[in-house]
Amino acid sequence: MRDDCLIVRVFCHPESVASYNLCEWDTLISQARRGDILARLYAVLQQNQLLVKVPESVAKHLISAWALAQKHERVLRWEVNRIQHALYATGIPIVLLKGAAYMMRDLPVARGRFYADIDIMVPKVSLPVVERALLIHGWLTAKTDDYDQRYYRKWMHEIPPMRHRRRQTVIDVHHHILPETTKAQPDAKKLFDASIPVSDDESLRTLMPADMVLHSATHLFYEGELDHGLRDLLDLHELFLIYGDDESFWMQLIERAKELELTRPLYYALRYTQRFLKTPIPKHRMQQVAAEGPNQLVLSLMDALYKRALVPVHSSCDIYLTGLARWLLYIRGHYLRMPLYLLIPHLVRKAVIKEKQDI
């Protein structure tokens, strides 16, 4: 769907790098860096035994990114240990989300990931206890503005981010996978009840595979800021490769999407992983989910928008109306998560703050 964007082409056809000149390598590295997937590019080339095709002047960028990703992994594993330690006395199970879950389960999708924060989920009723325990162990609320505090605590699916006062690591503590102002409201209790332990320790858990995919799809296709859209699409691609050989996985995934009212983001996940990354999706499963998709007019519009937005924010990936497409998806993401009477004042406030910061 975007063979004109080098980084998309390489993830579909890694062997294509064998013919790249230095100018193309420069563009590829720039695109990967902007998409936050430079270490992931290294992992793909390594997996396909193509590192020998990389010019020496280019290889140092890939090797450096891979070393940084390895450091991120070590930090993440230690931080998860510290979160467990902080919450152990509460007896409250921790459900790891997204990147932290992939890493602690040693899934291939975790290779080459960078981590800006650690996402965990706990029951909503447990939030005061969890927040207090984290405060005692050195995590402080990163958002101190009264409006931000009210915004997160009243409307969002998480409390304000918490940053450790010494290590500067950030935790996002969720109680749901979507804001409470969103029309779609999957039952959070069902997500907790179906979660599975990482090891013999029942206190550290992740979503089950089908829910892990649905959360990743929901996160991407309810999102308005798509700077890392290709990275998130690659996550879905890898998850489908990991679990897709099991027919029971597809059955459970589709049934679970219906049960949790998340068939639309699943449809987009299947459609755009297949279109961008040639993900092998069983045809009959695609047809099943297509019945829950939008009408043809809306689908044509979404195709046009995501064709432009699910690539790194880099001039070499831009095509006609790319800026407009990103803006429309930004508005859509906020509209899906907030009613207009909340959305309009919120966007106006953000615009005013940004203008003041730019002065």
With no hydrogens and no angle check, is any side-chain donor or acceptor of [X] less than 3.5 Å from a backbone partner on [Y]?
X	Y	result
Thr263	Glu292	no
His334	Glu223	no
His175	Met156	yes
Asp187	Lys189	yes
Thr273	Leu236	no
His219	Asp232	no
Trp66	Gly112	no
His164	Arg166	yes
Ser30	Asp26	yes
Ser216	Val213	no

Check whether any side-chain heavy atom of [X] lies under 4.5 Å from a side-chain heavy atom of [Y], and answer yes or no.
X	Y	result
Asp172	Ile120	no
His157	Pro179	yes
Met302	Arg332	yes
Thr141	Glu131	yes
Glu180	Lys124	yes
Tyr306	Leu329	yes
Glu261	Lys183	no
Ile242	Pro108	yes

Which pair of heavy atoms, one from [X] and one from [Y], lies closest together, and at what distance?
X	Y	answer
Ala100	Tyr115	N-CE2, 4.1 Å
Phe240	Ala269	CE1-O, 4.1 Å
Arg231	Arg40	O-NH1, 3.6 Å
Leu135	Arg165	O-NH1, 4.5 Å
Leu28	Tyr20	CD2-CE2, 4.1 Å
Leu96	Ala101	O-CB, 3.5 Å

Looking only at side-chain N and O atoms, does [Y] offer a donor or acceptor that is under 3.5 Å from a partner on [X]?
X	Y	value
Arg308	Thr322	no
Arg285	Gln288	yes
Ser248	Asp246	yes
Gln46	Arg111	no
Gln70	Arg74	no
Arg105	Thr206	yes

Any chance you could measure [X], atom [atom1], to [Y], atom [atom2], to the nearest 0.5 Å?
X	Y	atom1	atom2	result
Asp235	His215	CG	NE2	11.0 Å
Met212	Ser195	CE	OG	10.0 Å
Glu225	Arg326	CD	CZ	11.0 Å
Leu260	Glu255	CG	CD	11.0 Å
His314	Leu230	NE2	CG	13.5 Å
Asp4	Ser316	CG	OG	9.0 Å

State yes or no: do [X] and [Y] share one hydrophobic cluster built from I, L, V, M, F, W and Y residues joined by side-chain heavy-atom distances below 4.5 Å, directly or via other members?
X	Y	value
Phe276	Val289	yes
Leu76	Trp139	yes
Leu87	Trp78	no
Tyr267	Leu301	yes
Ile92	Ile196	no

Around atom [atom1] of [X], are there more than 12 heavy atoms of other residues, nucleotides or ligands at under 6.0 Å?
X	atom1	answer
Asp245	CG	no
Gln49	CD	no
Asn21	CG	yes

Determine, step by step, whether Glu79 and Arg82 satisfy the salt bridge (Lys or Arg N to Asp or Glu O under 4.0 Å) criterion, reporting the C-alpha distance in whole Å, the side-chain angles of both residues, the deciding distance to 0.1 Å, and the verdict.
CA-CA 5 Å; Glu79 288 302 314; Arg82 294 298 82 199; over 6 Å; no
Whether Trp155 and Tyr151 hold their rings parallel, tilted or perpendicular, with breakpoints at 30° and 60°:
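Plane angle over 60°, so perpendicular.
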Mutual orientation of the aromatic rings belonging to Tyr272 and Phe221 [parallel < 30°, tilted 30-60°, perpendicular > 60°]:
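Geometry flag for Phe221 against Tyr272: tilted rings.
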For Phe114, check ring-ring contact (aromatic ring centres under 6.0 Å, His included) against everything at least two apart and list the hits.
His72
Applying salt bridge (Lys or Arg N to Asp or Glu O under 4.0 Å) to Arg77 and Glu73, what does each step give before you reach the verdict?
CA-CA 6 Å; Arg77 290 185 184 276; Glu73 177 180 349; 3.1 Å; yes
Ile29 and Leu62: side-chain contact (heavy atoms from CB on, under 4.5 Å), yes or no, with the steps?
CA-CA 8 Å; Ile29 294 298; Leu62 293 168; 3.9 Å; yes
Tell me, with the steps shown, if Glu24 and Arg9 meet salt bridge (Lys or Arg N to Asp or Glu O under 4.0 Å).
CA-CA 12 Å; Glu24 288 171 315; Arg9 188 189 308 168; 5.1 Å; no
Could you go through Asp36 and Arg113, starting from their C-alpha distance and side-chain angles, then the distance that decides it, and tell me whether this counts as side-chain contact (heavy atoms from CB on, under 4.5 Å)?
CA-CA 8 Å; Asp36 206 23; Arg113 282 186 68 95; over 6 Å; no
Evaluate Asp201 against Ser203 for side chain to side chain donor-acceptor pair (under 3.5 Å), listing each step before the verdict.
CA-CA 5 Å; Asp201 184 356; Ser203 68; 2.7 Å; yes
For Thr169 and Arg163, what are the C-alpha separation, side-chain angles and deciding distance, and is it a side chain to side chain donor-acceptor pair (under 3.5 Å)?
CA-CA 5 Å; Thr169 51; Arg163 185 185 302 275; over 6 Å; no
Could you walk me through whether Asp303 and Arg275 satisfy the salt bridge (Lys or Arg N to Asp or Glu O under 4.0 Å) test, starting with their C-alpha distance in whole Å, then the side-chain angles of each, then the deciding distance to 0.1 Å, before giving a yes or no?
CA-CA 10 Å; Asp303 283 349; Arg275 287 194 157 204; 3.5 Å; yes
